[in-house]
Amino acid sequence: MESAPVVARQLIGATLLLDGVGGVIVETEAYDQSEPASHSFIGPRQWNSVLFGPPGCVYVYLSYGIHWCLNIACREVGHGAGVLIRALEPSKGIAEMIVRRNQTDVRRLCAGPGRLSQALGVTGALNGKRIDKRPFQLLVAKVQPKVVHGIRIGISKAKERQWRFGLQGSDFLSRPFV
DNA sequence: CGAACGATTAGCT
DNA sequence: GCTAATCGTTCGA
């Protein structure tokens, strides 16, 4: 149990798989109940209850009515905080991802939260499941790689917090760090 | 009850 | 670079 930005940084370099499909996480963002950009800011609701539950559970939500986005809850029960998985470098099950995405450019298969979810097969049905148990697997990096950070993407509030983290020099980011 | 918006993306100009 | 697609949740009337 750690603060969201600390977990977000630690997850860079970890390997995430869903039914054996996935790769190395290269981009994350942290969100905390204390700041208005977070889905937990308004307090517990039925739809965001996973963020207030035990750490290590996944919070999946529908963005813009179209895209599923994958988060991991990371604080104690009762405190709403989580880490959004924004991009990963495909390593396992690439052929399956290409079929699901109907798109062959490996660099863009999982470059963005919506694309990543489509490639791995993440949907709302997985909301509340644990990230370290079937059908998920999470292998944390032995050595922490070089990590860069910056402003989060797509938000209008609490922009000053540099809670977006990425693997330095990665070709698989949703957008470059400036 | 209805209008407005969002932790996005694909496709067109 | 700009906009449509698309829907659950919020907020004002």
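Quick note: numbers below take in every heavy atom, side chains included, and nothing from hydrogens, waters or symmetry partners.
Sequence order on DNA chain B of the closest nucleotides to A:Ser156 and A:Gly114 puts A:Ser156 first from the 5' end.
Evaluation of atom-type donor-acceptor distances gives no pair under 3.5 Å for the side chain of A:Tyr64 against the base of C:dA5.
Going from the P atom of B:dA4 to that of C:dA4 covers 15 Å, rounded to whole Å. Using P as the reference atom, C:dT3 and B:dC5 are 15 Å apart when rounded to the nearest Å.
Pair assignment for B:dG11: C:dC2, on the basis of Watson-Crick or G-U wobble contacts that are both within less than 3.5 Å. Pairing partner, C:dC7: B:dG6, with both Watson-Crick or wobble hydrogen-bond distances short of 3.5 Å.
Residue A:Ser174 is classed as having no contact, given no heavy-atom separation below 4.0 Å to the nucleic acid. Counting non-hydrogen atoms under 4.0 angstrom, A:Arg86 reaches the backbone sugars and phosphates but no base. Note on A:Leu84: a base of the nucleic acid sits closer than 4.0 angstrom, heavy atoms only. A:Arg101 comes within 4.0 angstrom of the backbone, heavy atoms only, and of no base.
Under the 3.5 Å distance criterion, the side-chain polar atoms of A:Ser40 are matched with a main-chain donor or acceptor of A:Gly80. Using modelled atom types, one side-chain atom of A:Ser49 and one backbone atom of A:Gln46 make a donor-acceptor pair closer than 3.5 Å.
At the phosphate of B:dA7, neither OP1 nor OP2 sits under 4.0 Å from any side-chain N or O atom of A:Ser38. Between A:His39 and B:dA7 there is a side-chain polar atom (N or O) within less than 4.0 angstrom of OP1 or OP2. Using a 4.0 Å cut-off, no side-chain N or O of A:Arg45 falls inside it from OP1 or OP2 of C:dG8. OP1 or OP2 of C:dT10 lies within a sub-4.0 Å distance of a side-chain N or O belonging to A:Trp47.
In this structure, the CD1 atom of A:Ile151 is 16 Å from the P atom of B:dA7, given to the nearest Å. Per the geometry, CD belonging to A:Glu35 stands 10 Å off C1' belonging to B:dA7, to the nearest Å. Atom C1' of nucleotide C:dT10 and atom OH of A:Tyr61 are separated by 16 Å, given to the nearest angstrom. Look at CD1 on A:Ile42: it is 17 Å from P on B:dC5, rounded to the nearest Å. B:dG11 atom C1' lies 12 Å from atom CZ of A:Arg115, rounded to whole Å. One can place CD of A:Gln118 at 7 Å from P of B:dA10, the figure rounded to the nearest angstrom. The NZ-P distance, from A:Lys159 to B:dG6, rounds to 10 Å in whole Å. Rounded to whole Å, atom P of B:dT9 lies 17 Å from atom CZ of A:Arg107.
When distances are taken from the side chain of A:Leu62 to each of C:dC7, B:dG6, B:dT8, the shortest belongs to C:dC7. Between B:dA7, B:dT9, C:dA5, one nucleotide has an atom nearer to the side chain of A:Ile155 than all others, and that is B:dA7.
Between A:Tyr59 and A:Trp47, the ring planes lie tilted relative to each other; the angle falls in the 30° to 60° range.
Salt bridge A:Glu35/A:Lys157: absent, no basic N to carboxylate O contact under 4.0 Å. By the 4.0 Å N-to-carboxylate-O rule, A:Arg152 lies too far from A:Glu160 to be salt-bridged with it.
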- [ ] Could you walk me through whether A:Phe52 and A:His79 pass the ring-ring contact (aromatic ring centres under 6.0 Å, His included) test, one step at a time?
- [x] CA-CA 5 Å; A:Phe52 292 84; A:His79 184 99; 7.8 Å; no
